[in-house]
Amino acid sequence: MRTIGFACSSAEEDLAPFHFDRRNPRSNDVVMEILYCGVCHSDLHWARNDWGQTCYPTIPGHEIVGRVIEAGPDVTRHKVGDIVAVGCMVDSCQTCDQCRRGEEQYCREGMNGTYGGFDVVEKTPNMGGYSKHLVVRQEFALKMPEGLDISKAAPLLCAGVTTWSPLRTWQAGPGKRVAVIGLGGLGQMAVKLAVALGAEVTVISRSDRKKQEALALGADQLLASSNEKAMQDAANGFDLIIDTVPVKHDITPYLPLLDIDGTIAMVGQIGPLPESSSLPLVYGRRRIAGSLIGGIRETQELLDFCARKNILPDTKTIAIQDINKAFDELEKGASYYRFVIDMSTLKED
Ligand SMILES: [Zn+2]
Ligand SMILES: [Zn+2]
């Protein structure tokens with residue numbers, strides 16, 4: 001089907017209007033009219049070919065909320081008019097042990113990305129959510145629970161579940177001491193969710209500058225990593241540290257902050273870590289772990305939890321025509337809120 005989006009044609013060029021064909025819907029597919037799409041740091045990396053894997057033209061966007069306007073004859077989960085959401089995946093093998101466990105992000109065949117992946121039947125590159133329509137198999141469309149403000153909820157699909165999954169995996173809850181490093185799009189979600197789960201929450205930041213922000217999000221305290229005395233006093237103080245810093249950084253100073261059997265989960269940076277000593281790991285059975293988004297079941301659990309607890313990301317709504325400005329701001333790391341594109345600003349002609 002013919003539709004329109006905002007695409008980039010090379011790593012150097014701005015995103016611009018682009019007419020293209022979505023695949024023709026198959027019997028198990030829904031067609032969505034996209035209403036909102038969040039702007040994730042990965043979108044920027046992908047658009048600029050920072051990972052060296054981008055093929056152009058490409059349309060980023062994997063925090064997608066929309067309305068079902070067509071449902072194939074085999075679709076049982078959704079009907080026309082339903083508000084649904086799509087995150088970072090649009091397909092997986094559905095048969096391997098990981099898919100059967102509901103952890104499609106770790107599919108043995110590789111998950112199929114909302115952008116970056118290729119359609120398994122037509123072999124065409126998947127185009128993301130900065131567009132008017134999306135065709136997706138029903139299993140990868142999540143149900144938007146009533147009561148969740150759909151104009152703000154989109155970032156839950158990537159930033160939200162990326163922090164929710166490690167919080168659930170390492171059982172954040174009452175009596176657990178959770179620290180969050182970094183207070184960007186991922187960090188603010190990690191804090192809000194950990195607080196709502198009942199954990200005791202500390203934000204770790206370079207200085208005290210973001211203290212008010214941290215407390216406003218519900219954190220109990222802020223620990224300034226530049227304050228040596230405070231860092232020493234905090235030793236053995238956490239069961240779980242969620243590290244959301246998106247650039248290469250040294251995690252050595254954080255390891256002694258973990259209690260025995262504590263875990264630091266990396267969710268921001270993907271790539272080499274600077275050299276670090278195994279000493280705090282060995283002397284304390286501490287773990288360095290990683291975590292990738294979350295499965296479909298976990299994502300649905302998150303959406304339902306946020307609706308129940310009235311949790312939403314801090315967002316700033318923009319028109320699609322402002323996407324290049326938003327990318328610039330994201331690159332500077334200036335914004336703490338998440339941009340969400342109001343897709344009604346994208347006109348069909
Ligand atoms: Zn993302
Ligand atoms: Zn699989």
Side-chain angles (χ1 to χ4, degrees), residues 15 28 34 36-51 53-54 58-65 85-120 126-131 134 137 139-140 142 152-166 182 184-190 193 242-247 266-271 290-299 302-303 313-315 323 326-327 330-331 333 335-341:
L15 278 79
N28 191 36
I34 299 177
Y36 296 97
C37 187
V39 180
C40 173
H41 222 107
S42 302
D43 298 352
L44 175 64
H45 285 306
W46 180 255
R48 303 268 158 93
N49 198 19
D50 290 340
W51 299 319
Q53 293 173 354
T54 309
T58 189
I59 298 179
H62 60 200
E63 297 177 339
I64 303 166
V65 175
V86 173
C88 305
M89 306 179 278
V90 286
D91 208 349
S92 73
C93 86
Q94 299 285 292
T95 55
C96 75
D97 58 338
Q98 297 306 308
C99 285
R100 284 202 308 271
R101 288 174 63 196
E103 300 219 291
E104 300 88 348
Q105 76 276 35
Y106 302 124
C107 172
R108 303 284 179 187
E109 307 283 313
M111 69 158 186
N112 199 329
T114 304
Y115 57 83
F118 289 81
D119 182 64
V120 285
N126 295 339
M127 295 288 184
Y130 298 0
S131 64
L134 183 69
R137 60 184 292 173
E139 293 89 344
F140 287 81
L142 296 132
K152 289 176 169 292
L156 296 175
L157 279 308
C158 176
V161 76
T162 295
T163 54
W164 177 252
S165 183
L186 287 174
Q188 55 137 315
M189 278 318 306
L193 295 171
I242 308 277
D243 184 344
T244 72
V245 177
V247 293
M266 316 283 301
V267 297
Q269 188 222 339
I270 299 175
S291 183
L292 176 69
I293 50 172
I296 292 297
R297 190 158 57 210
E298 217 166 26
T299 309
L302 168 69
L303 294 176
D314 290 321
T315 57
I323 184 61
F327 267 15
L330 209 59
E331 201 155 37
S335 52
Y336 133 97
Y337 41 76
R338 199 83 160 171
F339 291 108
V340 172
I341 306 165

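The basis for the numbers below is simple: all heavy atoms, side chains too, and nothing from hydrogens, waters or symmetry mates. This chain uses plain numbering: 1 for the first residue, then up along the sequence. For clarity, every value in this text was computed on a predicted model and none was experimentally measured. Both ligands and their constituent atoms are indexed starting at 1 by order of listing.
Side-chain contact of Asn28 with Glu139: a donor-acceptor pair under 3.5 Å is present, judged by distance alone.
Heavy-atom minimum distance, Cys158 versus Ile293: SG-CG2, 4.4 Å.
Taking the six-membered ring where the residue is Trp, Tyr337 and Phe339 present perpendicular rings, their angle passing 60° and hence far from 30°.
Ion pairing between a basic and an acidic side chain is recognised when a charged N comes within 4.0 Å of a carboxylate O; Asp97 and Arg108 show such pairing.
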Could you walk me through whether Asp91 and Arg137 pass the salt bridge (charged side-chain N to carboxylate O under 4.0 Å, His left out) test, one step at a time? CA-CA 7 Å; Asp91 208 349; Arg137 60 184 292 173; 2.8 Å; yes
Using the side chain to side chain contact (heavy atoms under 4.5 Å, CB included) rule, take Ile296 and Phe140 through it: C-alpha gap first, then chi angles, then the decisive distance, then the call. CA-CA 7 Å; Ile296 292 297; Phe140 287 81; 3.7 Å; yes
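With Thr114 contributing its side chain and Gly87 its backbone, the two residues share a donor-acceptor pair below 3.5 Å.
Shown are the protein N/O/S atoms under 2.8 Å from the Zn ion (ligand 1), given by residue and atom: Cys40 SG, His62 NE2, Cys158 SG. Closer than 2.8 Å to the Zn ion (ligand 2) sit the protein N, O or S atoms Cys93 SG, Cys96 SG, Cys99 SG, Cys107 SG.
Remark: Arg297 pairs with no residue by the side-chain contact (heavy atoms from CB on, under 4.5 Å) rule, at least two apart or across chains.
Pairs of residues two or more places apart, or lying in two chains, that qualify as ring pair (Phe, Tyr, Trp, His ring centres under 6.0 Å) and include a residue from residues 86-117 are Trp46-Tyr115, His62-Tyr115.
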